[in-house]
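All remarks here apply to the structure that follows.
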Amino acid sequence: MSDPTTPTGGRASPATAQASAGTSDEFLLNVGPQHPATHGVLRVVVTMDGEVVKDLQPHLGYVHRGLEKLFENRTYEQIIPFTDRTDYLSAIANNWAYVMAVEKLLGMEVPKKVEYIRVLMAELNRINSHLLWLAAYGLDMGAFTPFLYAFRDREEINTMIEEASGGRLTTNYFRIGGFIHDLPPAFFPRLKKFLGRFGRAVDELDTLLVENAIFVARTRGVGIISRERAISYGMSGPCLRASDAPLDLRREAPYSIYGSLEFEIPAGRNGDTWDRSWVRIEEMRQSLRILRQAMDGFPEGEHRVRAPRNIEPPAGEVYSAVEGPRGEVGFYVVSDGTRKPYRVKMRKPSFSNFSALPEIMRGLKIADLVAVMGSLDLVVPEIDR
Amino acid sequence: MQAPLAPRGIALVLSGLASLGKGLWITFSAMFRKSITVSYPEKRVVLPLRFRGRLVMPIDPDKGDNRCTACMRCVKVCPNHSIDIDKASGPDGKPLSKPASYRYNLGTCIFCNLCVETCPFFAIVMSDEHELATADPSRLVIDLAAEKYRLQGKKGSWWQKKFRGTGEEA
Amino acid sequence: MRDTADILAAIRSRFPRVENRPVDPAPSLVVEPEKLREHLLFLRDQLSFHHLVFLTALDRPAESELELVYRLFSYESRLSVMVRFRVPRDAGRVPTVSDLFRTAEWHERETAELFGLEFTGHPDPRRLLLPDDLEGYPLRKDFTHPNMPRLPEVTST
Amino acid sequence: METFLYKLFYDTGALIDGWHAAANAAGAARGWPPLVVDILFQLGWAVAAALFLALNALFIIWFERKVAAKMQLRRGPNRVGPFGLLQTLADTGKLLIKEDIIPTAADRPVFRAAPFVVLAATVLLFVVLPFGKGLIPADLNIGVVYFLAISGISVIGILSGGWASNNKYSLMGGMRSAAQIVSYEVPGVLVVLSVAMLAGSLKMGDIVRAQPSYGYALLQPVGFILFLIASNAEINRGPFDLPEADSELVSGFVTEYSAMRFAFFFLAEYTNLFLAGAFATTLFLGGWRGPLLPPVVWFLLKSYIVVFVLIWIRWTFPRLRVDHLMEFSWKVLLPLALLNLLVTAVLVKVL
């Protein structure tokens, strides 16, 4: 049984050497790190038997920047811009989780209006992230047109967020205690127009891709993970809810004003790739409902609590989590009374969602790898941090 | 709210064909809608007021000079040390509250706007300039004090209203 | 579905040292590393804490110890609980729980390579994020690296 | 009204036969063997076909990019030349001057030959295309069989291209493409057979003449749809573009090709697209027959309508998985094609 020549140049990295003990007709396929289907820099070494996947070894760390080490050398305020760079598609969710943690440490209550702005921003960001997932997923599955329609709608959301925060993806809009700038006057008219139009746009995208016969044939019953295994892998967000588990932090551990808003939690039936796609489409519709309620009930008031200029929370620790587009985004902040945190642990959804891939993929075909990976909606910097 | 069950048998075939048809209709009807491309560079997108372009230290029309007092707060707040200030010193060697040089490293700046927010004198602001690519790395470090930047347009008036205290918190 | 009071009572009866860290509402259970697996199994199966939110370590150079922190959440009772214990800083050994919670496998690999720990019985103890040739454990307080930029010292103005 | 112009447009065949006879007479007078004149005329046809192929390729690539853009709410090429018409010319120019890399471990002779095999198979098909009344380079009496046989050669080129690049992705791309073309050729041939049965002849010219002016599509709707699907799959396009499935196999068998060699594959693919349209027009839409407009214009118009449909399908649907692809051909298209053949046979017998 000859050791297949490892595709990673001379040095056989431990993973490939270990996985090459298979029979002779197997061969190793290197997917990544520069592969269109990996949404970022991530390498997967797939041991294949013909077209069927036998085993899958992910290689991580290409985008590891040691953010948790950086945080230990920066003040609480300087950390905020870094949080939206761990997951550039849901910068708002990350900002919120971190800022809420520090506010809890300070025992700070934020005005009602700030909570409403945060909900508005978070739900817009959720739709934005799901739209990009749909665009990239369509591309992976060979349908190029949904990409363009999804980005047309994304552009409208990005403009709204940009007018409020100044940034489109890495917004850095949240501050400890509220916001520097209130919502611009043009925000609500634009939002009203968007809410009026977007319902039909989601139906259009849904029909074009998720309901399409070829897409259904490639995703129904493919890449199934049961509810127990999903919870054991620590999965969260649409990937977990697809396995017949309507578990959403906005319901399980309601934060901010989600307790008083009405919306439903879509859940799949058998945890396959199609259910994960359906859940995201349905979540976009639910976000519209939330946005409408937040817009109607938007209170008057201050958009910021006067926080002290040097933030020095008392010694202690807190974990605060938010339901990001990909799942539970949590910050475990340990403070020691100085201006810099003692330790910040970031709990990121893609890290756990991705760890379930080897189990999901065993026995499926290589073409399914693209379908399954796309349905997990991975953002690689979130895995490596 | 539960996901719909997959249709069975003939219903599956019919719904499948129907979905193909609906898909084709969407792309066909899209042909008659207006294209949404903005033909850059001929036509440009109108940038919002709070757009974060390159950092600049504009000249205050009233004082004819920049408003920076070298208080070093922006240096401290910058998450990755992209700003360096050398204090100017007067003829008798005593330090003045003016910057001799204000080196801004465009290469490492992450456009997070923390420096602008912390500056008590509204000396620096993020302009609308976003075509910042250069082949020559030395042009990435800019001395904003020596640049004598003139901030015009909406952003200019918004900036001046802020430090004259008359502007609303747009 | 046991109610919260019932669960808290069960926890207090089983775990001698139940503390509360300031601000975080979740009770912290201080246990011995040897009995970790047993405790987590009890929490998971009896008290339905199925979701291991995360697992990480805190470097305590003063006491030359590493503090391990596990956080669990129960979807049924919507309660959170923290399990923590300390191990010596050099050659700390912790029993793996990757067979109880599949997510622990990656969390343990990451904590091991960032803090210099060994999880006994781990199925795949390779490095997860760091390059093979990096010496030292980055998240330890005394770790420095040549190209780690020093920020200007932040004095409170 | 037998003016030259009328003949040029409406009865080109007769015009050319006239020239041919005159040339023969002149040749005989000079004592040349008649073969020389024939060769000269065939050369003429070859040059005309090559010219048409080049112009058509440039146009069709632009046409697809513009149509795709229109469907995606964007503009498509509009920088080079009016409405971006010269864009394809610019791309070809770029490909001409780019470096032509041959991987060191590649099987050099096969690597070099592959693109030409594919292109040759495509160009040879022009011989039997009925552009207009009498405007057929060579109206072989086995025209249809010739067309199907030659279009099968391109798979050899694709396979050898995939193999020669010595790259795992290309190999898989080549294998998939071979399996796909072979399995979609079968239903395609059966449908063509049923049309030939209706027309009672295999000659392309006869098939076109035997059709009512609106074509066999209305008589054989199922056959027409089957044929579109089969030919779409045979040219590796639309939902069947598995061999160059970007997300799975980077870009299939053309991964290692660059510059001019890649241009040949690209050129062959788009010419095949036109040929699929032309063949469908000949068999189902009544070829060059139609009121008012000259036959050549009708032929091109109908071909481009079919090409538009193929483009439309490509930019709407996601890609099929490789086993669905096979299943769809053997378990759905084949039975339908056989059924169609049976029904046609019964109809022909009965009427």
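In the text below, chain A, chain B and the rest are named by the order of the sequence lines, each starting its count at 1.
Here the side chains of A/Y233 and C/F101 are not in contact, with every heavy-atom distance at 4.5 Å or above. A heavy-atom distance below 4.5 Å is found between the side chains of C/L139 and A/E72. For the pair C/E67 and A/R343, the minimum side-chain heavy-atom distance is 4.5 Å or more. In this structure the side chain of C/H51 reaches within 4.5 angstrom of the side chain of A/E328, judged on heavy atoms. Contact check for C/L58 versus A/Y332: side-chain heavy atoms found under the 4.5 Å cut-off.
With a 4.5 angstrom heavy-atom cutoff, A/P58 touches chain C only via side-chain atoms. Using a 4.5 Å cut-off between heavy atoms, A/L106 makes no contact with chain C at all. At a 4.5 Å heavy-atom cutoff, the contact between C/V69 and chain A is made by side-chain atoms alone. In this structure, chain C has heavy atoms under 4.5 Å from both the backbone and the side chain of A/E252. Contact of C/E105 with chain A is not made at all, since no heavy-atom distance falls under 4.5 Å. Residue A/A315 touches chain C through its backbone alone, counting heavy-atom pairs closer than 4.5 Å. With a threshold of 4.5 angstrom between heavy atoms, A/F71 does not approach chain C through any atom at all.
The interface of residues 344-352 of chain A with chain C, defined by heavy-atom distances below 4.5 Å, comprises A/K345, A/R347, A/F351, A/S352.
Ionic pairing of C/E110 and A/R385 is present here: one or more N-O contacts between side-chain nitrogen and carboxylate oxygen are shorter than 4.0 angstrom.
Interatomic distance, A/D248 CG to C/Y75 OH, rounded to the nearest 0.5 Å: 9.5 Å.
Among residues at least two apart or in separate chains, there is no ring pair (Phe, Tyr, Trp, His ring centres under 6.0 Å) pair with a member in residues 123-148 of chain C.
At least one donor-acceptor pair closer than 3.5 Å links the side chain of A/K69 to the backbone N or O of C/P138. Side chain of A/Y342 to backbone of C/D59: a donor-acceptor contact under 3.5 angstrom is found.
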Quiz prompt | Residue pair A/Y319, C/F54: steps toward the ring-ring contact (aromatic ring centres under 6.0 Å, His included) verdict | solution = CA-CA 10 Å; A/Y319 174 73; C/F54 67 83; 5.2 Å; yes
